[in-house]
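Residue numbers start from 1 in every chain, and the chains themselves are labelled A, B, ... in the order their sequence lines are given, proteins ahead of strands.
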Amino acid sequence: MKFWRTPLDADKIKVPHGETYVIKERCKGCGFCVEFCPKRALRLSDEFNIKGYHPPEMIGKDECVNCGLCEMICPEFAIYCLEEEEVQVEG
Amino acid sequence: MITKEHPMTPLLRMDRIPHIWCPTCGIGTAVSCFAAALKQNEIPLEKVAIVSGIGCTGRVAGYMKVDSFHTTHGRAIPFATGLKLARPEMKIVVFSGDGDLFAIGGNHFIHAARRNMDLTVICVNNFIYGMTGGQLAPTTPLSAKSTTSPYGNYEHPFNLPHLAASCGATYVARWTALHIRRLTNSMSEALNKKGFSFIEVIAPCSTVYARRNRLGSGLDLMKFYHDNCEIKNGANPEEADIGFQSKIIVGKFVDKEKPSFIDNMHVGLKRALGDKYIPYGGDDGAK
Ligand code: SF4
Ligand code: SF4
Ligand code: SF4
């Protein structure tokens, strides 16, 4: 996680870390999750699902903060996130 | 614990998913927010019923795993009114589109709001008739194109929050499919509100509205909401008119207390019948 200014309590604060799961066959490639993820942690993948859409994939492993936006904004109920073990912030 | 299942699975009829809505249509997002609101409130699912009319949004009732009714065109509100009076302990939600609720069912809407009927009405407004082929709706903004206004609309549209508020609704809010958190909170508030609550959800219709008007996809409309919505809680809904691709004022406009239809019915019948009156479904009938 990058900060433009390191918070004073960075050594004490834990940033939630999430893992997103995509139900690929359900996705219609609308891009809502990709566009509005506050961490820009997703992108549309190159692979095709059975309907011919490109389901999203995670860009980096550690970017997702488990905010739940992608899960709520997805009109297809095709993506959700779960909290992974909390990661310690390195200042 | 990691469950490899979508957390909304218990609230949806998964055997009917994937749903029929087009890619980048916003109705699914409104449903997702509604499911989140139900979850947030831990409302037992057997205590909720959803009533929809006809249209793309009219399909919502069929996808939620609660008692749900798909009624005839425009008649969701009268059906829901009967349901509420027969089962006053239940939360009755009308989930339908702008054409269904305000054209075909317009009169039902104004009278349910006038009576302060104990209902939550969620209207997905995409400015057009989607399912029937993109005809002009009573919400189509001035100059927008539809199949029945190919040179641009010249009719004034309804301002839905203003209509609801002036008819007597006790809770009125407008959000877009982009405002997922605020929309979910409003849905929670509306579910817990006595009387007539109304939420307008502006949502993209990619296939007809966006295409007819050359606005790109539903994603482009979501980006448009991102750049052009102004949150004004408590604003006078009269000033929340929507023009073609103009700024959209969103927020919670009305949240007030007023005896609901069921409250008034109990008072009125008690006055007339005295001790002989036994409230149907108990005193706490209203939500
Ligand atoms: S949970 Fe939030 S941060 Fe993680 S991928 Fe989804 S939108 Fe992005
Ligand atoms: S929001 Fe849902 S349907 Fe749209 S691209 Fe993301 S996962 Fe696919
Ligand atoms: S026609 Fe429009 S409103 Fe209907 S499902 Fe398609 S995009 Fe959604």
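Contact annotation for A:Ile79: only backbone heavy atoms (N, CA, C, O) come within less than 4.5 Å of a heavy atom of chain B. Interface remark: B:Ala30 contributes no atoms to any contact with chain A (heavy atom separation under 4.5 Å). Heavy-atom distances place both the backbone and the side chain of B:Met222 under 4.5 Å from chain A. In this structure, the portion of B:Thr184 lying under 4.5 Å from any heavy atom of chain A is its side chain and not its backbone. Of the atoms belonging to B:Leu12, it is side-chain heavy atoms, and not backbone ones, that fall under 4.5 Å from chain A.
The CD1 atom of B:Ile180 sits 9.5 Å away from atom CD of A:Glu71, with the distance rounded to the nearest 0.5 Å. Atoms OH and CD, from A:Tyr80 and B:Glu5 in turn, are 7.5 Å apart once rounded to the nearest 0.5 Å. The structure places SG of A:Cys74 at 9.0 Å from CE of B:Met8, a figure rounded to the nearest 0.5 Å.
Counted within 6.0 Å of CG on B:Asp227, heavy atoms from surrounding residues, nucleotides or ligands total more than 12; the atom is thus considered enclosed. B:Arg16 CZ: 12 or fewer foreign heavy atoms inside a 6.0 Å radius.
Contact detail for B:Leu219 and A:Phe36: the closest heavy-atom pair is CD1-CE1, 4.1 Å. Between A:Cys67 and B:Arg181 the shortest heavy-atom distance is O-NH2, 2.7 Å.
Not one N or O on the side chain of B:Ser32 forms a donor-acceptor pair closer than 3.5 Å with the backbone of A:Ile73.
Proximity to chain A at a heavy-atom threshold of 4.5 Å picks out nothing from residues 40-64 of chain B.
Not a single salt bridge (Lys or Arg N to Asp or Glu O under 4.0 Å) links B:Lys39 to another residue, sequence neighbours left out.
Within the 4.5 Å cutoff, no side-chain heavy atoms of B:Pro23 are placed close to those of A:Lys51. No side-chain heavy atom of B:His226 sits under 4.5 Å from any side-chain heavy atom of A:Glu35. Using a 4.5 Å heavy-atom cutoff, the side chains of A:Glu76 and B:Ile17 are not in contact. Looking at heavy atoms from C-beta onward, A:Pro75 lies out of side-chain contact with B:Trp21 at the 4.5 angstrom threshold. Using a 4.5 Å cut-off on side-chain heavy atoms (C-beta onward), A:Phe77 and B:His19 make contact.
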